[in-house]
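In what follows, a single structure is set out as structure tokens and then discussed.
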Amino acid sequence: MHYWLMKSEPEEVGIDDLQRLGQIGWFGVRNYQARNFMRDVMRVGDGVLFYHSSCPQPGIAGLAEVCSPAYPDPTQFDPESKYFDPKATLEAPRWQQVDVRFVRKTRLLALEALRRDLLLADMQVLQRGNRLSITPVSEAHWRHLQDLLT
DNA sequence: GCCAACGTTGGC
DNA sequence: GCCAACGTTGGC
């Protein structure tokens, strides 16, 4: 069992979209480290902090759960998609995604508040220069965040 | 729109 | 395998 923080731009897919759809494929990851987390480490049932990025109020907006193993991200094959990758083929896909299901919305726990919380100071997502859209979350951080989000 | 930080690419 | 140039992320 692992825990994750996954960033999404709410203009593209926000927590309300996940709630409406119930479940989505986490398409569009184009970073090898983040892909490897999905492919090699994630398991069905892992907990997910759904984070809104690149928006007026960045922060944790809800809880979700990994609900499929990794499989090829279809947008890499679609020339119309902004995530199209000309070097990916059906025989040798490059990019993977997992399905994520909605658990619940939370109050918005703003990035600013995360940074102020000393117990979260060493969260990977808060480290200087971090750009990974998927980062592991320790069990201690997960538990603390559950308390904050209750 | 700026820009710090980091990842990727490609020539050598 | 080095590393300069370039591209991207994402908060501000």
Side-chain angles (χ1 to χ4, degrees), chain A residues 2-21 24-42 46-66 68-138 140-142 144-149:
Chain A
H2 293 98
Y3 305 101
W4 306 94
L5 182 142
M6 299 175 77
K7 295 180 185 173
S8 182
E9 301 186 11
E11 292 219 335
E12 186 162 27
V13 180
I15 190 70
D16 291 331
D17 299 304
L18 183 60
Q19 180 168 33
R20 183 162 40 81
L21 297 169
I24 53 164
W26 202 268
F27 63 91
V29 170
R30 294 295 179 267
N31 169 282
Y32 289 104
Q33 206 179 336
R35 178 204 66 183
N36 294 349
F37 280 142
M38 290 195 288
R39 189 189 60 191
D40 304 334
V41 191
M42 274 189 187
D46 281 0
V48 173
L49 303 165
F50 194 109
Y51 180 95
H52 284 172
S53 69
S54 294
C55 60
Q57 284 274 11
I60 295 168
L63 299 174
E65 192 177 288
V66 175
S68 86
Y71 62 96
D73 175 346
T75 63
Q76 71 192 302
F77 309 122
D78 176 6
E80 302 302 308
S81 169
K82 72 185 230 194
Y83 297 112
F84 178 63
D85 182 347
K87 293 183 181 167
T89 64
L90 286 168
E91 297 72 30
R94 261 193 185 195
W95 305 110
Q96 304 271 120
Q97 65 182 31
V98 295
D99 290 339
V100 165
R101 75 168 182 84
F102 178 76
V103 173
R104 68 179 175 92
K105 280 183 76 165
T106 61
R107 69 184 176 88
L108 186 96
L109 187 49
L111 175 60
E112 191 181 34
L114 297 174
R115 291 204 184 283
R116 275 199 308 262
D117 189 327
L118 295 179
L119 292 179
L120 299 175
D122 55 347
M123 264 191 96
Q124 188 170 333
V125 73
L126 301 180
Q127 300 315 300
R128 177 186 179 80
N130 172 75
R131 293 189 318 169
L132 265 188
S133 62
I134 299 177
T135 48
V137 174
S138 74
H141 289 153
W142 174 267
H144 180 56
L145 285 160
Q146 298 302 307
D147 290 341
L148 293 180
L149 293 167

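Convention: sequence-line order gives letters A, B, ...; per-chain numbering from 1. Below, all heavy atoms of this structure are taken into account, side chains as well, without hydrogens, waters or symmetry copies.
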Open item on the list: Base contacts versus sugar-phosphate-only contacts with protein, heavy atoms under 4.0 Å: please encode nucleotides 1-8 of chain C as B, S and - from 5' to 3'.
Closed with: ------BB

Task: Atom-pair distance (CD1 on A/I134; P on C/dT9), nearest Å - done: 13 Å

TODO: Nearest whole angstrom, please: distance from the P of C/dT9 to the NE2 of A/H52.
DONE: 18 Å

TODO: Indicate the ring-plane relationship of A/H2 and A/W4, choosing parallel, tilted or perpendicular according to the 30° and 60° boundaries.
DONE: tilted

Open item on the list: Any side-chain to backbone donor/acceptor pair from A/S8 onto A/V13? Under 3.5 Å, distance only.
Closed with: yes

Task: Residue that, paired with A/W95, satisfies ring pair (Phe, Tyr, Trp, His ring centres under 6.0 Å) out of A/F27, A/Y32, A/W26 - done: A/Y32

TODO: Tell me which nucleotide among B/dT9, C/dG10, C/dC12 gets nearest to the side chain of A/K87.
DONE: B/dT9

TODO: With the side chain of A/S133 defined as its heavy atoms from C-beta on, choose the nearest nucleotide among C/dG10, B/dT9, C/dG11.
DONE: C/dG10

Task: Heavy-atom side-chain proximity of A/T106 to A/L148 below 4.5 angstrom - done: no

Task: Rounded interatomic separation in angstrom, taking CD from A/Q57 and C1' from C/dC12 - done: 13 Å

TODO: Output the distance between atom CZ (A/F50) and atom CG (A/D17), rounded to the nearest 0.5 Å.
DONE: 7.5 Å

Task: Side chains of A/L63 and A/Q146 in contact at under 4.5 Å (non-hydrogen atoms) - done: yes

TODO: Respond yes when some side-chain nitrogen or oxygen of A/K7 is under 4.0 Å from OP1 or OP2 of C/dG10, and no when none is.
DONE: yes

Open item on the list: Rounded to whole Å, please give me the gap between CG in A/L126 and C1' in C/dT9.
Closed with: 16 Å

TODO: Report the distance from atom CD of A/E9 to atom C1' of C/dG10, rounded to the nearest whole Å.
DONE: 8 Å

TODO: Write down the atom of A/C55, the atom of A/P10, and the distance for their closest heavy-atom approach.
DONE: CB-CG, 3.6 Å

TODO: Measure from CD on A/Q127 to C1' on C/dG11 and round the result to the nearest Å.
DONE: 15 Å

Open item on the list: What is the distance, to the nearest angstrom, from the CD atom on A/E112 to the P atom on C/dG11?
Closed with: 13 Å

- [ ] Find the distance A/M6:CE to C/dG10:C1' and express it as a whole number of Å.
- [x] 17 Å

